[in-house]
Amino acid sequence: MTADTSRLHELKIDRGADADARPPRWPWAVAALVAAGAVAWWLLARPTAAEVVTAPAVEVDTHGPTAVLNASGYVTARRQATVSSKVTGKVTEVLVEEGMTVAEGQVLARLDPATGGAALRLAESQAAAAASALEETRVRIAEAGLELRRAEELAAQAVASQADLDRARAQVAALEARLAAQRDELEVARRQVALRRQDVDDLAIRAPFAGVVVSKNAQPGEMISPISAGGGFTRTGICTLVDMDSLEIEVDVNEAYIQRVTAGQPVEARLDAYPDWTIPAHVIAIVPAADRQKA
């Protein structure tokens with residue numbers, strides 16, 4: 001079978017006039033490229049997403065601790081002392097100044113050792129004399145023992161009388177009793193020496209505890225005594241010593257608010273000299289005003 005191709009030309013589309021009237025396609029291609037570039041720039045320039053950090057939720061107490069009482073007070077030391085001497089004497093040397101830090105047992109001042117030194121030398125001489133007397137008695141006891149043995153031999157030979165023997169025995173017993181008494185006297189003399197040495201050591205006034213000297217109360221040449229004497233011309237202390245580790249704050253609280261304070265209660269303290277410094281503290285004790293006045 002042969003195909004009829006005589007009318008195939010009728011199926012041909014004439015594009016001549018339409019192709020010349022169609023607008024060109026390049027403006028749309030340029031617009032598409034511009035749009036694609038804008039999209040790419042936005043994707044590259046947009047800010048990155050912020051990193052998310054998770055944290056546990058905590059309940060906030062809006063009713064936190066508040067001040068139950070505001071009161072004024074002053075700083076004081078629980079441990080302080082006016083250091084004095086045990087005996088009355090003249091000050092020869094003062095080794096401290098105000099503001100100086102001292103250690104426990106440190107010598108603060110010295111008193112005139114003339115009288116105390118003389119008493120010590122006298123006691124030492126008395127102890128030496130007692131020791132010499134004791135040695136003499138021991139020698140005499142040894143001699144009396146020899147006499148007693150000779151008297152016993154003579155009495156055994158009926159040459160010496162019984163009275164001579166008894167006299168020799170009594171002599172030995174008397175010397176032994178004297179020796180015992182002299183031992184006691186020597187012990188007393190030695191204790192007297194120890195006492196005088198302590199008196200001399202007391203002439204050096206020492207710090208009873210470590211602290212800071214806040215006042216100097218005596219000068220060399222002045223008399224000092226543990227008690228007030230001489231119509232105010234005798235000092236009763238060398239210096240005032242404060243233990244800085246025992247500082248505390250005393251606060252006067254009105255009776256109307258005293259029920260708000262309990263022992264061990266936390267406290268925040270601020271000093272006028274350092275208003276930005278908050279000092280954590282707690283209540284040590286509550287002292288009634290009547291008891292404090294009695295003390």
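In this chain, residues are counted from 1 in sequence order.
In this model, a donor atom of one side chain and an acceptor atom of the other lie less than 3.5 Å apart for Gln182 and Thr137.
Its side chain within the 4.5 Å cluster rule, Leu95 clusters with Val107 among the Ile, Leu, Val, Met, Phe, Trp and Tyr residues.
Atoms CG and OG1, on Leu247 and Thr76 in that order, are 8.0 Å from each other to the nearest 0.5 Å. With values rounded to the nearest 0.5 angstrom, Gln106 atom CD is found 9.5 Å from Thr101 atom OG1. Rounded to the nearest 0.5 angstrom, Ile279 CD1 and Leu271 CG are separated by 4.0 Å. Taken to the nearest 0.5 Å, the OG1 atom of Thr240 stands 4.5 Å off from the CG atom of Asn217. Here the CD atom belonging to Gln192 is positioned 7.0 Å from the CD atom belonging to Gln126, to the nearest 0.5 angstrom. The CG atom of Asp202 lies 9.0 Å from the OG atom of Ser85; values are rounded to the nearest 0.5 Å.
Between Ala127 and Ala189, the shortest heavy-atom distance links the atoms CA-CB, 3.4 Å. Taking both residues in full, the closest heavy atoms of Leu175 and Ala144 are given as CD1-CB, 3.6 Å, listed atom of the first, atom of the second, then distance. Minimum heavy-atom separation, Ala123 to Arg196: CB-CG, 3.8 Å. Scanning both residues, Asp252 and Ala71, for their nearest heavy atoms gives O-CB, 4.3 Å. For the pair Val83 and Pro208, the tightest heavy-atom approach, listed with the atom from each and the gap, is CG2-CD, 3.8 Å. Of all the heavy atoms in Ala151 and Asp164, the pair that sits closest is CB-O, 4.4 Å.
Counted within 6.0 Å of CZ on Arg206, heavy atoms from surrounding residues, nucleotides or ligands total more than 12; the atom is thus considered enclosed. No more than 12 heavy atoms of other residues, nucleotides or ligands shown are found within 6.0 angstrom of CD on Glu143.
Of the candidates Asp245, Ile284, Val242, Arg78 forms a side-chain contact (heavy atoms from CB on, under 4.5 Å) with just one, namely Ile284.
Val212 and Phe209 fall into different hydrophobic clusters, where Ile, Leu, Val, Met, Phe, Trp and Tyr are joined by side-chain heavy atoms under 4.5 Å apart, directly or via other members. Residues Val214 and Met100 do not share a hydrophobic cluster, clusters being chains of Ile/Leu/Val/Met/Phe/Trp/Tyr side chains in contact below 4.5 Å. Hydrophobic cluster membership is shared by Val251 and Trp277, with clusters built from Ile, Leu, Val, Met, Phe, Trp and Tyr side chains linked at under 4.5 angstrom. Hydrophobic clustering of Ile, Leu, Val, Met, Phe, Trp and Tyr side chains at less than 4.5 Å, counting indirect connections, keeps Leu120 apart from Leu186. Each of Val172 and Val139 belongs to its own hydrophobic cluster when Ile, Leu, Val, Met, Phe, Trp and Tyr are linked at side-chain heavy-atom distances under 4.5 angstrom.
Contact annotation: the side chain of Leu165 approaches that of Leu148 to within less than 4.5 Å [non-hydrogen atoms, C-beta and beyond]. Between Glu268 and Pro280, the closest side-chain pair of non-hydrogen atoms is not below 4.5 Å. By the 4.5 Å heavy-atom criterion applied to side chains, Val87 and Leu203 are counted as neighbours. In this structure the side chain of Ile238 never reaches within 4.5 angstrom of the side chain of Ser84, judged on heavy atoms. Put simply, the side chain of Val193 reaches to within 4.5 Å of the side chain of Arg197, judged on heavy atoms. Considering only heavy atoms from C-beta on, Leu179 comes within 4.5 Å of Leu134 through its side chain. The shortest side-chain heavy-atom distance between Ile205 and Leu111 falls under the 4.5 Å cut-off. The closest side-chain heavy-atom distance from Ile286 to Ile258 is below 4.5 Å.
Contact check on Arg191 versus Glu187 returns a salt bridge, with a Lys/Arg side-chain nitrogen under 4.0 Å from an Asp/Glu carboxylate oxygen. Remark: Glu152 does not engage Arg149 in a salt bridge, criterion side-chain N to carboxylate O under 4.0 Å. Using a cut-off of 4.0 Å between Lys/Arg side-chain N and Asp/Glu carboxylate O, Arg138 and Glu135 are scored as salt-bridged.
Here the side chain of Ser246 pairs a donor or acceptor atom with the backbone of Arg79 at under 3.5 angstrom. The main-chain N or O of Arg110 is found under 3.5 Å from a side-chain atom of Thr92 such that the two form a donor-acceptor pair.
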(request) Take Glu97 and Val213 through the side chain to side chain contact (heavy atoms under 4.5 Å, CB included) test and state the conclusion after the steps. (result) CA-CA 7 Å; Glu97 295 293 340; Val213 178; over 6 Å; no

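For Glu104, there are no side-chain hydrogen bond (donor to acceptor under 3.5 Å, both in side chains) partners two or more places apart in sequence or in a different chain.
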